[in-house]
*Asks:* 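The structure follows.
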Amino acid sequence: LVIEDEADFRRFLEENRQYWDYVDEELEARYRGVSRVKLYVEDSPEGRSRLAAFTDGTGLEPECRVVADEDWAENWKQYYKPMEIGERLLVVPQWEQAKRDHGRVKLVLNPGLTFGTGSHATTRLCLQALEQHIHGGEKVLDLGCGSGILSIAALLLGAKDAFACDIDDKCVGV
């Protein structure tokens with residue numbers, strides 16, 4: 001279930017302005033004047049029955065379409081853009097080109113389906129802490145590494161060694 005509302009979208013943009021310097025025009029257009037509920041169900045008799053249970057008697061006419069499973073796994077990439085973090089780091093998605101690096105350390109990343117793009121507040125704070133505490137020669141342990149972003153950043157900033165591990169098979173070890 002996803003609720004999309006222009007007011008929520010605008011509020012989100014305002015409250016998180018520090019994470020980007022622009023918003024994609026197509027994304028803004030997608031939310032302009034919108035107030036809708038999206039319900040994702042399996043394309044099966046059971047899924048159609050669930051949809052009917054949610055909409056029967058409401059007077060609402062659902063718009064239905066089949067969404068391929070792989071869409072969600074890839075479509076997020078269009079919104080993941082290069083971002084400056086702290087004073088020295090520049091996180092660059094593997095499929096993007098950074099227009100300028102301003103002398104920053106480039107951390108090129110393809111996080112796949114794991115946590116660790118650098119856009120979440122906790123990851124940003126950890127990256128900023130690494131920037132302050134890595135001076136060269138340190139050993140770093142990254143437990144629950146996700147994409148390995150913290151280990152990779154530590155090595156790029158001068159750490160001697162980094163060990164990254166996670167229990168999720170989709171996560172990358174460094």
Side-chain angles (χ1 to χ4, degrees), residues 1-5 8-24 27 30-31 37-42 47 67-174:
L1 176 75
V2 178
I3 298 172
E4 294 180 344
D5 182 74
D8 290 342
F9 177 68
R10 294 279 166 219
R11 188 172 27 262
F12 174 81
L13 291 178
E14 281 303 313
E15 291 173 1
N16 295 283
R17 186 175 294 275
Q18 70 270 24
Y19 298 123
W20 50 73
D21 57 358
Y22 71 95
V23 177
D24 186 272
L27 182 62
R30 198 169 97 200
Y31 284 94
V37 176
K38 288 184 177 180
L39 179 67
Y40 294 90
V41 295
E42 185 177 319
V67 178
D69 285 339
E70 61 274 5
D71 286 352
W72 68 270
E74 293 295 320
N75 288 347
W76 64 274
K77 290 181 177 181
Q78 64 185 311
Y79 306 109
Y80 182 42
K81 301 293 182 189
M83 65 187 123
E84 295 179 350
I85 297 179
E87 299 295 319
R88 298 170 43 207
L89 286 172
L90 176 65
V91 176
V92 182
Q94 187 177 32
W95 54 89
E96 289 280 333
Q97 294 291 322
K99 292 179 179 148
R100 345 180 181 85
D101 62 17
H102 299 289
R104 290 174 174 263
V105 175
K106 276 190 193 176
L107 193 165
V108 178
L109 189 66
N110 184 352
L113 301 177
T114 64
F115 181 81
T117 60
S119 56
H120 192 274
T122 57
T123 308
R124 292 176 74 87
L125 288 170
C126 288
L127 289 167
Q128 290 170 354
L130 283 173
E131 231 183 44
Q132 294 173 358
H133 297 286
I134 300 292
H135 303 291
E138 294 83 0
K139 293 182 179 184
V140 174
L141 174 60
D142 186 359
L143 292 175
C145 66
S147 67
I149 188 170
L150 299 178
S151 299
I152 297 166
L155 291 168
L156 290 171
L157 291 168
K160 178 184 175 194
D161 294 302
F163 180 81
C165 64
D166 203 300
I167 60 171
D168 186 339
D169 291 338
K170 293 180 182 79
C171 294
V172 182
V174 178

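Side chains are part of it too, since the values below use all heavy atoms of this structure and drop only hydrogens, waters and symmetry mates.
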*Asks:* With a 4.5 Å heavy-atom cut-off, do Lys77 and Pro93 have their side chains touching?
*Replies:*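 SC-SC contact between Lys77 and Pro93 ruled out.
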*Asks:* Of all the heavy-atom pairs spanning Val92 and Ala98, show the shortest one and how long it is.
*Replies:* CG2-CB, 3.9 Å
*Asks:* How many angstroms lie between CD in Glu14 and CZ in Phe9, if you round to the nearest 0.5 Å?
*Replies:* 11.0 Å
*Asks:* Which heavy atom of Ala159 sits nearest a heavy atom of Leu155, and at what distance?
*Replies:* O-CD2, 3.6 Å
*Asks:* I need the full list of ring pair (Phe, Tyr, Trp, His ring centres under 6.0 Å) pairs touching residues 117-149, with sequence neighbours left out, sorted by first then second residue.
*Replies:* Phe115-His120
*Asks:* Do you know which of Ile134, Leu150, Asp161 makes side-chain contact (heavy atoms from CB on, under 4.5 Å) with Val140?
*Replies:*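 So, applying the side-chain contact (heavy atoms from CB on, under 4.5 Å) to Val140 and each of Ile134, Leu150, Asp161, only Ile134 qualifies.
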*Asks:* Identify the heavy atoms of Ile149 and Leu107 that sit nearest to each other, and give their distance.
*Replies:* O-CD1, 3.7 Å
*Asks:* Give a yes or no on this: more than 12 heavy atoms of other residues, nucleotides or ligands lie within 6.0 Å of atom CD of Glu42.
*Replies:* no
*Asks:* Are there over 12 heavy-atom neighbours, none belonging to Lys38, within less than 6.0 Å of that residue's NZ?
*Replies:* yes
*Asks:* Just so I know, are the side chains of Val23 and Tyr31 near enough to count as touching, which here means a heavy-atom distance under 4.5 Å?
*Replies:* no
*Asks:* Would you check if the side chain of Glu131 reaches a backbone N or O of Leu89 as a donor-acceptor pair within less than 3.5 Å?
*Replies:* yes
*Asks:* Return the CD to CD1 distance between Glu87 and Ile85, rounded to the nearest 0.5 Å.
*Replies:*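 Those atoms lie 12.5 Å apart.
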*Asks:* Can any side-chain N or O of Gln132 pair as donor or acceptor with the backbone N or O of Leu130 at less than 3.5 Å?
*Replies:* no
*Asks:* Quick one: pull up CG in Leu157 and CD1 in Ile152 and give me the separation to the nearest 0.5 Å.
*Replies:*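 CD1 of Ile152 is found 12.0 Å from CG of Leu157.
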*Asks:* Which heavy atom in Leu143 sits nearest to a heavy atom in Cys165, and how many Å separate them?
*Replies:*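 The answer is CD2-SG, 3.3 Å.
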*Asks:* Checking the side chain of Ser147 only, and the main-chain atoms of Gly116 only, is there a donor and an acceptor separated by less than 3.5 Å?
*Replies:* yes
*Asks:* Within the 4.5 Å heavy-atom criterion, are Val91 and Pro82 side-chain neighbours or not?
*Replies:* no
*Asks:* List the atom of Asp168, the atom of Asp166, and the distance in Å for their closest heavy-atom pair.
*Replies:* N-OD1, 3.0 Å
*Asks:* To the nearest 0.5 Å, how far apart are CZ in Arg30 and CG in Asp24?
*Replies:* 9.5 Å
*Asks:* Name all pairs fulfilling the ring pair (Phe, Tyr, Trp, His ring centres under 6.0 Å) condition that reach into residues 88-108, sequence neighbours left out, sorted by first residue then second.
*Replies:* Trp76-Trp95, Tyr80-Trp95
*Asks:* Not counting sequence neighbours, list each pair that qualifies as a salt bridge (Lys or Arg N to Asp or Glu O under 4.0 Å) and has a residue in residues 101-124.
*Replies:*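 Counting only pairs at least two positions apart or across chains, the salt bridge (Lys or Arg N to Asp or Glu O under 4.0 Å) contacts touching residues 101-124 are Glu84-Arg104.
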